[in-house]
Amino acid sequence: MAGTIEIINLVDNTVTTRGLIAEHGLAFLVRTGEKTILFDTGAGGAIVQNMLSLGLDPREITAIALSHGHDDHTGGLKKICEITGPLPVYAHPDVFMAKYRLREGEEARYIGIPWSRAELETSGAVFHLSRQPVELAEGIVLTG
């Protein structure tokens with residue numbers, strides 16, 4: 001049985017708290033008794049400032065989980081790893097596949113992860129890629 005789990009919304013399209021930045025994207029901090037997992041990293045412009053504004057230290061993060069490889073969920077990954085140093089990053093193996101937005105009358109626009117795997121690894125990301133479910137902490141499972 002899992003203990004207490006705390007979820008803190010770090011990045012979202014709207015904010016209601018003074019001092020926080022809204023951006024298209026998503027990031028949550030998930031705290032269990034033993035681990036602090038960053039779930040997605042937003043587009044990259046808001047995550048660090050929002051953490052600091054909330055009195056949170058990015059160095060408390062023990063792992064990162066990525067839901068998918070769109071830029072609005074992975075754009076802050078490099079910045080976070082540069083602050084924290086080496087961190088395990090859990091994701092599906094297709095996280096680095098190219099992704100594009102296609103709209104009629106417009107050219108395709110790249111919306112995939114904005115950094116190469118090599119750049120992220122140089123910044124401290126230690127990738128654990130799996131198509132199968134991975135337990136990140138008691139009661140916290142990334143589905144693969």
Side-chain angles (χ1 to χ4, degrees), residues 1-92 94-103 105-130 133-144:
M1 179 98 183
T4 302
I5 297 173
E6 178 184 22
I7 300 173
I8 301 168
N9 187 358
L10 299 174
V11 176
D12 202 346
N13 295 340
T14 60
V15 294
T16 57
T17 303
R18 183 179 211 124
L20 298 182
I21 298 172
E23 72 179 12
H24 181 69
L26 184 71
F28 291 102
L29 197 66
V30 180
R31 288 180 170 160
T32 69
E34 60 193 42
K35 297 194 178 176
T36 300
I37 302 162
L38 179 61
F39 181 81
D40 287 344
T41 65
I47 188 150
V48 173
Q49 181 174 329
N50 285 355
M51 287 189 78
L52 297 175
S53 292
L54 291 169
L56 302 169
D57 184 349
R59 293 171 294 187
E60 77 177 80
I61 298 168
T62 56
I64 298 173
L66 300 175
S67 63
H68 63 286
H70 285 165
D71 57 358
D72 60 329
H73 291 257
T74 62
L77 182 56
K78 186 172 189 270
K79 189 179 292 185
I80 289 292
C81 288
E82 288 171 346
I83 294 169
T84 63
L87 272 180
V89 178
Y90 298 89
H92 189 278
D94 293 342
V95 73
F96 289 105
M97 284 184 63
K99 292 157 183 72
Y100 294 89
R101 183 181 77 189
L102 302 173
R103 289 192 176 161
E106 295 180 11
E107 287 193 34
R109 184 175 77 108
Y110 181 77
I111 59 166
I113 192 166
W115 316 104
S116 72
R117 182 173 180 169
E119 287 175 298
L120 292 168
E121 288 174 336
T122 298
S123 297
V126 180
F127 286 99
H128 300 270
L129 305 177
S130 176
V134 175
E135 185 173 38
L136 303 177
E138 185 179 354
I140 308 288
V141 177
L142 188 64
T143 59

- Query: Any idea how His73 and His68 line up, ring-wise: parallel (<30°), tilted (30 to 60°), or perpendicular (>60°)?
  - Reply: tilted

- Mind checking whether Phe127 and Phe96 have parallel, tilted or perpendicular rings, split at 30° and 60°? perpendicular

If every non-hydrogen atom of [X] is compared with every non-hydrogen atom of [Y], which pair is closest and at what distance?
X	Y	answer
Ala63	Tyr90	CB-CE1, 4.0 Å
Ala27	Ile47	CB-CD1, 3.8 Å
Val48	Lys79	CG2-CD, 3.5 Å
Asn50	Leu20	OD1-CA, 3.4 Å
Leu142	Ala91	CD2-N, 4.0 Å
Leu102	Ala108	CD2-CB, 3.3 Å

N/O donor-acceptor pair under 3.5 Å between [X] side chain and [Y] backbone:
X	Y	result
Lys35	Leu136	yes
Thr36	Thr62	no
His70	Asp72	no
Thr32	Ala137	no

- Output, in order, the C-alpha distance, side-chain angles, deciding distance and verdict of side-chain contact (heavy atoms from CB on, under 4.5 Å) for Met51 and Asp57. CA-CA 7 Å; Met51 287 189 78; Asp57 184 349; over 6 Å; no

Atom pair [atom1]/[atom2] of [X] and [Y] - distance to nearest 0.5 Å:
X	Y	atom1	atom2	value
Leu54	Gln49	CG	CD	10.0 Å
Ser67	His92	OG	NE2	12.0 Å
Ser123	Leu77	OG	CG	8.0 Å
Lys78	Ile83	NZ	CD1	11.5 Å
Phe28	Leu10	CZ	CG	8.5 Å
Ile5	Ile140	CD1	CD1	3.5 Å

Does any part of the side chain of [Y], heavy atoms only, come nearer than 4.5 Å to the side chain of [X], both counted from C-beta?
X	Y	result
Leu29	Ile61	yes
Cys81	Ile64	yes
Thr74	Asp40	no
Leu38	Leu87	no

- Contacts of Glu106 meeting salt bridge (Lys or Arg N to Asp or Glu O under 4.0 Å) (sequence neighbours excluded), chain-then-number -> Arg101

- Task: Give the C-alpha distance, both sets of side-chain angles, the deciding distance and a yes or no for side-chain contact (heavy atoms from CB on, under 4.5 Å) between Val89 and Val95.
- Result: CA-CA 11 Å; Val89 178; Val95 73; over 6 Å; no

- Message: If you count heavy atoms of other groups shown closer than 6.0 angstrom to CD of Glu135, is the number above 12?
- Response: yes

- Message: So, using side chain to side chain contact (heavy atoms under 4.5 Å, CB included) as the criterion, who are the partners of Thr122 when residues are at least two apart?
- Response: none

- Task: Not counting sequence neighbours, list each pair that qualifies as a salt bridge (charged side-chain N to carboxylate O under 4.0 Å, His left out) and has a residue in residues 6-25.
- Result: Glu6-Arg31

